[in-house]
> 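My questions all concern the structure below.
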Number of protein chains: 2
Amino acid sequence: MGKSKTQSFSEESNTLAEVAKALSHPARIEILKFLLTAESCVCGDIVSTLPLSQSTVSQHLKALKDSGIVKGTISGPNVCYCINPIIWSKFGNLLSVFFNKKPQNLICEPTCC
Amino acid sequence: MGKSKTQSFSEESNTLAEVAKALSHPARIEILKFLLTAESCVCGDIVSTLPLSQSTVSQHLKALKDSGIVKGTISGPNVCYCINPIIWSKFGNLLSVFFNKKPQNLICEPTCC
DNA sequence: AAAACTTATCGTAATATTGCGATAGGTATT
DNA sequence: AATACCTATCGCAATATTACGATAAGTTTT
């Protein structure tokens, strides 16, 4: 098929996977890094920093907006994109909680791993 | 096109995006959660817990293995999958450093965002 | 050696993602 | 009103991902 069987997994797993998916393209990482430095929030400035067309960057911005991590505000003829600090820390916490679970591999010793 | 322009972005962004990509499917999250609890490391047991076919789970395990976060060891007729604790904490740190950068949005105040 | 079992890989199909140009729809300027 | 400008969306093409059944390749058991 190819369609992800989202309904078959736990809500927590789906949420984490969605967070990860929002971050799973280098262009989206670079957009977030740019917004973190707060040099500018104007869409056109974001487009200028990336080696991608305006329409492609617009799609990546939409993906970030759909995830909630970024919000866009119309500002005259421009659109200002900002990180949503609430969601930013929420996503950070989700990932932090996940990775703070330390792997034990108790069963496997000493044979494997 | 459809081909990701990986070479155009910074190495740091590519690395982060790859980490995120490894985590971007709920089945892979559930596999990692299962391995974290260390109930078992046997491939067949992982397959049993997921609502996916054996071949599909095998693909997800390959994706996790390719990212480095999981390693597989042949153990008789079975394969034992374990989290690589070095890579686990490395990935955790990468994400932690990223999300510890707090968004400021100084420029935008008070007009937007 | 044969049979049973476990897992990886191949082949295929459906769907999703990435990327771009063209264009539409908005605001500001003239 | 006409023009210039900015951004979102549409349409398309290329590639990647997800999923499954079938099969191959390995080990163990019989």
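All values below come from the heavy atoms of this structure, side chains included, with hydrogens, waters and symmetry mates left out. Order of the sequence lines sets the chain letters (A, B, ...), proteins ahead of strands, with each chain counted from 1.
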> Rounded to the Å, how far apart are A:Asn78 CG and D:dT7 P?
5 Å
> Reckon A:Val47 touches a base, only the sugar-phosphate, or nothing at all at heavy-atom distances under 4.0 Å?
nothing
> Of the nucleotides D:dT7, D:dA19, D:dA22, which has the atom closest to the B:Gln59 side chain?
D:dA19
> Can you check whether B:Phe98 reaches A:Ile29 side chain to side chain, under 4.5 Å on heavy atoms?
yes
> Just how far, in rounded Å, is P of D:dA16 from CD of B:Glu18?
13 Å
> Evaluate the side chain to side chain contact (heavy atoms under 4.5 Å, CB included) criterion for residues A:Leu32 and A:Leu23: first the C-alpha distance (whole Å), next the side-chain angles of each, then the deciding distance (0.1 Å), finally the verdict.
CA-CA 9 Å; A:Leu32 292 174; A:Leu23 304 172; 3.6 Å; yes
> Of A:Ile31, A:Leu64, A:Leu36, which is the lone residue that meets side-chain contact (heavy atoms from CB on, under 4.5 Å) with A:Ile83?
A:Leu36
> B:Gln54 CD to C:dT7 P: how many Å, rounded?
8 Å
> Are B:Phe9 and B:Leu16 packed together at the side-chain level, in the sense that at least one heavy-atom pair is separated by less than 4.5 angstrom?
no
> Starting from C1' on D:dT7, measure out to CG on A:Asp45 and report it in whole angstrom.
13 Å
> On the nucleotide C:dA8, are OP1 or OP2 found under 4.0 Å from the side-chain N or O atoms that B:Tyr81 carries?
yes
> Looking at C:dG19, C:dT7, D:dT7, which one has an atom nearest to any side-chain atom of B:Cys43?
C:dT7
> Tell me whether B:Leu95 is reachable from A:Val97 by hopping between hydrophobic residues (I, L, V, M, F, W, Y) whose side-chain heavy atoms are closer than 4.5 Å.
no
> Has the side chain of B:Ser53 got a donor or acceptor atom that lies under 3.5 Å from a matching backbone atom of B:Thr56?
yes
> Please report, rounded to the nearest Å, how far the P atom of D:dA19 is from the NZ atom of B:Lys62.
17 Å
> From the options C:dA8, C:dG19, D:dA8, select the nucleotide whose nearest atom is closest to the side chain of B:Val79.
C:dA8
> Between atom CG in A:Leu52 and atom P in C:dC20, what is the gap in whole Å?
5 Å
> Would you say A:His60 reaches C:dG19's phosphate, i.e. side-chain N/O to OP1/OP2 under 4.0 Å?
yes
> Would a 4.5 Å heavy-atom cut-off, applied to side chains only, mark A:Glu30 and A:Leu50 as touching?
yes
> Within less than 4.0 Å of OP1 or OP2 of D:dT17, is there a side-chain N or O belonging to B:Lys21?
yes
> Using a cut-off of less than 4.0 Å, is there contact between a side-chain N or O of B:Ser58 and OP1 or OP2 of C:dA8?
yes
> Within the pair B:Thr56 and D:dC20, is there a side-chain N or O less than 4.0 Å away from OP1 or OP2?
yes
> Whole Å only: how far is the CG atom of A:Leu61 from the C1' atom of C:dG19?
15 Å
> Please report, rounded to the nearest Å, how far the P atom of D:dT7 is from the NZ atom of A:Lys65.
12 Å
> Establish, with yes or no, whether the OP1 or OP2 oxygen of C:dC20 is under 4.0 angstrom from a side-chain nitrogen or oxygen of A:Ser53.
yes
> Within the side chain of A:Trp88, is there an N or O that forms a donor-acceptor pair under 3.5 Å with the backbone of B:Phe99?
yes
> Can you give one letter per nucleotide of nucleotides 25-30 of chain C, going 5' to 3': B for a protein heavy atom under 4.0 Å from the base, S for sugar-phosphate only, - for none?
--SS--
